[in-house]
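What you are looking at is a predicted structure, and each value in this text was computed from that prediction instead of being measured.
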Amino acid sequence: MRKRKDEPWLAGQINPIRNGEKIKRDHDPESGSSGDEWDRVGLKEILAGEHTNLYQGQSEFQDIHMVSKEDVRLYLNGQLQFSSVDERIYHEAFIHVPFSLKGSIQKVLVLGGGDGLALREILKYQEVKSVDLVDIDSKVVELAKHNQDLMALNDRSFYDERVNTYIKDAKIFVKSNRKVYDLIVIDFPDPSNELLAGLYTVELFEKLYNALSDDGLIVCQSNALDAAPTVFWSIGLTFERAGFYTEQYHTIIPSFGDWGFTLASKKRLSRHFTNRSGYHRTLPDNIERLFQFQPDYWHYKKRAVINSERKLHLHAIFNEENG
């Protein structure tokens, strides 16, 4: 997840870290890192002051660093994934908006989300009978299942009997999948390089079309509007090319900025929301507000492109807009 450097809510804050940066084994977060400069600086300041190292290690795929400094933060490859101060804003918008639009959701697929925080929100609904969670990184999932601080955040979500965990590449899982789901939650990393841009393609979305029930919904994290607005709109356009109807929405997350999400369905979406009290605390009373955009954002929709395996565009646009 990335955030803006120049937004007023960041004034006076230590800015944490971006996608893809590797923390060196000598624990210098500035050198050799592929993440965002502002996140590197923020992490360096955190490590220089009073803090608690909750976990530091390396998996086959990335460096993992979780620290506590008045909050719990998870960094992957030096990029901030969440802060316990405001992660609930992200995950409640991510999960409860689709639940407020659909009457009954029994079978759920989560792609990514190995920290168990989106899972925590899904499991609040007793109507959910089963959740398949697919994450490529076994160490992140093990951390979510066994680290006391992260378990306290995710409410021990991996221990719910409704949850089935698959340590697998999401593209491989989807290709071989024969199940049909009422809700598919896509919590992939930002498309900051060609490999990650390959997770947001027409081809993968077409395979997800076949995995979705006729009345089902997909919700996909779609990057920060204030940092990469063309990427946001391009994810929506790519879903449409794959045959979906789409709606897009956003919410302010102080650690990251103005964060966007895409809803996709086989049928035209009607924005009639059922507000289920007690399931969330950070969403506005009128969820429709999340679907309203400032005029400046609409300008970037004209620049949106379709991302496909033959023509991967998102990583180039992402890095240009975040440059």
Side-chain angles (χ1 to χ4, degrees), residues 1 52-68 71-77 79-96 98-99 105-174 176-177 179 181-189 199 208 211 217-221 278-282:
M1 296 174 73
T52 302
N53 231 2
L54 300 176
Y55 180 85
Q56 185 157 15
Q58 189 172 36
S59 73
E60 178 184 354
F61 305 99
Q62 56 200 344
D63 289 335
I64 305 169
H65 196 176
M66 185 161 68
V67 300
S68 175
D71 64 343
V72 176
R73 304 178 181 208
L74 176 65
Y75 293 88
L76 298 179
N77 286 337
Q79 181 199 359
L80 181 67
Q81 301 301 300
F82 70 77
S83 164
S84 60
V85 170
D86 57 13
E87 59 82 11
R88 192 173 295 271
I89 302 173
Y90 172 87
H91 290 102
E92 289 192 352
F94 198 9
I95 300 304
H96 296 294
F99 269 92
I105 295 175
Q106 296 187 9
K107 296 180 180 180
V108 182
L109 172 63
V110 181
L111 301 176
D115 54 28
L117 297 174
L119 196 55
R120 174 195 68 203
E121 299 303 320
I122 293 166
L123 294 171
K124 290 179 179 178
Y125 294 89
Q126 292 305 309
E127 69 206 52
V128 172
K129 304 299 183 187
S130 66
V131 185
D132 291 342
L133 184 141
V134 182
D135 198 290
I136 196 170
D137 199 330
S138 62
K139 285 202 173 181
V140 172
V141 173
E142 287 302 307
L143 189 62
K145 293 172 69 173
H146 300 297
N147 179 275
Q148 295 298 318
D149 296 274
L150 190 47
M151 289 168 63
L153 279 179
N154 65 32
D155 288 345
R156 301 174 60 89
S157 55
F158 281 99
Y159 291 95
D160 192 295
E161 63 183 9
R162 294 172 288 173
V163 176
N164 305 297
T165 307
Y166 300 87
I167 305 302
K168 206 166 187 177
D169 185 305
K171 293 171 74 172
I172 294 174
F173 179 91
V174 171
S176 61
N177 171 66
K179 294 183 182 180
Y181 298 93
D182 303 309
L183 176 65
I184 299 174
V185 178
I186 303 175
D187 200 8
F188 289 149
L199 297 173
L208 290 175
L217 282 174
I218 293 176
V219 61
C220 180
Q221 85 83 6
Y279 286 88
H280 54 78
R281 70 179 188 224
T282 66

Side-chain heavy-atom pair [X], [Y] within 4.5 angstrom cut-off:
X	Y	result
V185	I95	yes
F99	V128	yes
V131	D160	no
T165	F158	yes
L76	D137	no
N53	H65	yes
V140	F61	no
S59	E142	no

Ring-ring centroid check Y90 F82, cutoff 6.0 Å: no
Ring geometry between H280 and H96 (parallel below 30°, tilted from 30 to 60°, perpendicular above 60°): tilted
Y159 and H146 aromatic ring geometry - parallel, tilted or perpendicular at 30°/60° bounds: perpendicular
Please find the pair of heavy atoms, one from [X] and one from [Y], that lie closest to each other, and give the distance.
X	Y	answer
A211	N177	CB-ND2, 3.6 Å
L117	D115	N-OD1, 3.0 Å
S157	G116	OG-O, 3.0 Å
A170	V134	CA-CG1, 4.1 Å
D71	S84	CB-OG, 3.2 Å
N147	L54	ND2-O, 3.8 Å

Side-chain donor/acceptor of [X] to backbone N/O of [Y], under 3.5 Å:
X	Y	result
Q221	F188	yes
E127	I105	yes
R162	L123	yes
D182	K107	yes
R120	L153	yes
N154	A144	yes

How many angstroms lie between atom [atom1] of [X] and atom [atom2] of [Y], to the nearest 0.5 angstrom?
X	Y	atom1	atom2	result
D132	K168	CG	NZ	11.5 Å
T282	E87	OG1	CD	9.5 Å
I64	Y75	CD1	OH	15.0 Å
M151	K145	CE	NZ	10.0 Å
R281	I89	CZ	CD1	9.0 Å
L150	M66	CG	CE	5.0 Å

Residue pair E121, K124: steps toward the salt bridge (charged side-chain N to carboxylate O under 4.0 Å, His left out) verdict: CA-CA 5 Å; E121 299 303 320; K124 290 179 179 178; 2.8 Å; yes
Full working for side-chain contact (heavy atoms from CB on, under 4.5 Å) between L111 and L199: CA-CA 10 Å; L111 301 176; L199 297 173; over 6 Å; no
Derivation of the salt bridge (charged side-chain N to carboxylate O under 4.0 Å, His left out) call for K171 and D169: CA-CA 6 Å; K171 293 171 74 172; D169 185 305; over 6 Å; no
